[in-house]
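Single-structure report; data block below.
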Amino acid sequence: MDRIARLEQGMLKESVPQFNVGNTVRVHVKIKEGEKERIQIFEGVVIRRKGTRNRETFTVRKVAYNVAVERIFPVHSPWIAKVEVIRVGAVRRAKLYYLRQRTGRAARLREKERVRPSKSSK
């Protein structure tokens, strides 16, 4: 293992949230303002994951008041408190850049059907 790999190994988070491209996520970001620290929530669709190890990033896109906002988050950042998966989208591509050209209902993703465990299987 080379020196850079060892350095990066120490910066990895122990528990990384599980989500994929197409999922609607809620990212809790720590914001430091002077002495105080607060949590800001950014909710949107993951349109891309890029990189490996501690250089891995994901891009979240949301539309608020007819203005699209994309934000790139490092997966292993200490400023990300948690990532919640709200919906699991059914997509067939690794990059969802085509959502940038779509608006309104056309920009929605179909939800993936989840298999729920039945109550009688206990």
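FYI, side chains are in, hydrogens and waters are out, and symmetry mates aren't considered; it's all heavy atoms of this structure. Everything quoted here is computed from the prediction, not taken from an experiment.
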Suppose we screen for side-chain contact (heavy atoms from CB on, under 4.5 Å). Which residues come up paired with [X], at least two apart in sequence or across chains?
X     : value
Ala5  : Met1, Asp2, Arg53
Ile31 : Val29, Glu33, Arg38, Gln40
Asn66 : none
Ser77 : Pro74, Trp79, Ile80

Q.
With heavy-atom distances below 4.5 Å as the criterion, would you say the side chains of Ile72 and Arg48 are in contact?
A.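 Sidechains of Arg48 and Ile72: in contact.
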Q. If you count the non-hydrogen atoms of other residues, nucleotides and ligands that lie under 6.0 Å from CD in Gln18, is the total more than 12?
A.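 Not more than 12 within 6.0 Å, no.
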(Q) Could you report the tightest heavy-atom contact between Ala68 and Arg61, atom names first, then the distance? (A)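 The pair with the smallest heavy-atom distance is CB-NH2, 3.4 Å.
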Q | Which atom of Ala81 lies closest to which atom of Lys30, heavy atoms considered | A |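 Scanning both residues, the minimum pair turns out to be CB-CE, 4.1 Å.
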Q: Could you tell me which residues satisfy side chain to side chain donor-acceptor pair (under 3.5 Å) with Thr24, sequence neighbours excluded, listed by chain and number?
A: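 So Thr24 forms no side chain to side chain donor-acceptor pair (under 3.5 Å) with any residue.
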(Q) Filter on salt bridge (charged side-chain N to carboxylate O under 4.0 Å, His left out), then keep only pairs touching residues 12-22, sequence neighbours left out; what's left? (A)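 The answer is none; no pair qualifies.
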(Q) Show every salt bridge (charged side-chain N to carboxylate O under 4.0 Å, His left out) that has at least one partner inside residues 82-91, sequence neighbours left out. (A)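 Output for this query lists Arg87-Glu111.
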Q | Which residues share a salt bridge (charged side-chain N to carboxylate O under 4.0 Å, His left out) with Glu43, sequence neighbours left out | A |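 Counting only residues at least two positions away or on another chain, Glu43 forms a salt bridge (charged side-chain N to carboxylate O under 4.0 Å, His left out) with Arg26.
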Q) Residues sharing Leu7's hydrophobic cluster, by side-chain heavy-atom contacts under 4.5 Å among ILVMFWY, directly or via others? A)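 Via sub-4.5 Å side-chain contacts, Leu7 links to Met11.
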Q: Please collect all ring pair (Phe, Tyr, Trp, His ring centres under 6.0 Å) contacts where either partner lies in residues 4-30, sequence neighbours excluded, each pair once.
A: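 Sorted pair list: Phe19-Phe58.
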Would you say [Y] ends up clustered with [X] if hydrophobic residues are merged whenever their side chains have heavy atoms under 4.5 Å apart, either directly or through other cluster members?
X     : Y     : value
Phe42 : Val63 : no
Val45 : Ile86 : no
Val16 : Val46 : yes

Extract all donor-acceptor atom pairs below 3.5 Å that involve side chains of residues 88-108 and protein atoms in other chains or at least two apart in sequence.
{"unit_1": "Lys95", "atom_1": "NZ", "unit_2": "Arg49", "atom_2": "O", "d": "3.0"}
{"unit_1": "Arg100", "atom_1": "NE", "unit_2": "Glu70", "atom_2": "OE2", "d": "2.8"}
{"unit_1": "Arg100", "atom_1": "NH2", "unit_2": "Glu70", "atom_2": "OE1", "d": "2.9"}

Q) For the atom pair CD (Gln9) and CD1 (Ile4), what is the distance rounded to the nearest 0.5 Å? A)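 Spacing of CD (Gln9) from CD1 (Ile4) equals 14.0 Å.
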